[in-house]
Amino acid sequence: KREGVVFKHIEGTWGVGQWKAKRFETYDVKVVDILQNAVEVEYQGVNAGKVAIHNPQMSIGSIIEIKAYCLTSSGKFREGRYIRTRYDKA
């Protein structure tokens, strides 16, 4: 499965003046454990792994929005990233 595309000038040097685009989806997940610089999350009632968060200002049971490239076949998020805390869905 392909992750995204890289754009560069056809005569340009690799790594110079280029940018990449990757597709991601957003998910609302429940915080089930707070770790150092990360939280453990649950999605649709199943443990979905860890999401890196610097200085988490939330509690267990909080609903947060994350973005990830996909939900893997093992039910974990691929490269999950914190977006915001969903106070409207507490």
Side-chain angles (χ1 to χ4, degrees):
K1 191 173 185 180
R2 292 182 167 75
E3 294 181 6
V5 294
V6 175
F7 298 92
K8 73 176 195 72
H9 189 277
I10 195 155
E11 295 176 2
T13 304
W14 182 256
V16 178
Q18 67 185 28
W19 58 276
K20 62 183 176 181
K22 290 188 174 187
R23 180 177 168 265
F24 65 86
E25 298 178 18
T26 62
Y27 302 86
D28 291 334
V29 296
K30 181 179 181 179
V31 174
V32 294
D33 196 10
I34 298 175
L35 311 166
Q36 184 176 354
N37 296 326
V39 293
E40 185 115 13
V41 297
E42 181 179 274
Y43 181 66
Q44 295 181 341
V46 177
N47 183 309
K50 298 174 186 164
V51 176
I53 297 179
H54 300 289
N55 193 20
Q57 299 294 318
M58 61 197 67
S59 58
I60 293 175
S62 295
I63 304 298
I64 62 173
E65 182 177 2
I66 66 167
K67 70 177 183 178
Y69 294 126
C70 65
L71 193 59
T72 65
S73 59
S74 64
K76 308 292 186 203
F77 289 108
R78 177 145 186 236
E79 298 184 38
R81 291 182 168 81
Y82 172 81
I83 297 175
R84 65 184 174 133
T85 300
R86 296 295 307 261
Y87 297 105
D88 59 328
K89 293 191 174 189

Note to self: Using a 6.0 Å cut-off, check whether atom NZ of Lys76 has over 12 heavy atoms from anything other than its own residue.
What the structure shows: yes
Next item on the list: Under the side chain to side chain donor-acceptor pair (under 3.5 Å) rule, collect the residues that match up with Thr72, sequence neighbours excluded.
Entry: Ser74
May I have the list of side-chain donor-acceptor pairs in residues 33-43 shorter than 3.5 Å, sequence neighbours left out?
unit_1, atom_1, unit_2, atom_2, d
Glu40, OE2, Asn47, ND2, 2.8

Item checked: Hydrophobic cluster identity match, Phe24 and Phe77, side-chain contacts under 4.5 Å -> no
Note to self: For Glu25, give me all partners under side-chain contact (heavy atoms from CB on, under 4.5 Å), at least two apart in sequence or on another chain.
What the structure shows: Arg23, Tyr27
Item checked: Closest approach of Ala68 to Arg78 (non-hydrogen atoms, all atoms of both residues) -> CB-O, 3.5 Å
Item checked: Results of side-chain contact (heavy atoms from CB on, under 4.5 Å) for Thr13 - residues two or more places apart only -> Val16
Margin query: Checking Ser62 now: which residues fulfil side-chain contact (heavy atoms from CB on, under 4.5 Å) with it, not counting sequence neighbours?
Written below: Val31, Met58, Ser59
Next item on the list: Output the distance between atom NZ (Lys30) and atom CD1 (Ile60), rounded to the nearest 0.5 Å.
Entry: 10.0 Å
Checklist line | Nearest-0.5 Å distance that lies between atom CD1 in Ile66 and atom CD1 in Ile53 | finding: 9.0 Å
Notebook entry, point to check: How far does CD of Glu65 sit from CZ of Arg86, to the nearest 0.5 angstrom?
Noted result: 5.5 Å
Note to self: Distance check, rounded to the nearest 0.5 Å: Lys8 atom NZ versus Trp19 atom CH2?
What the structure shows: 14.5 Å
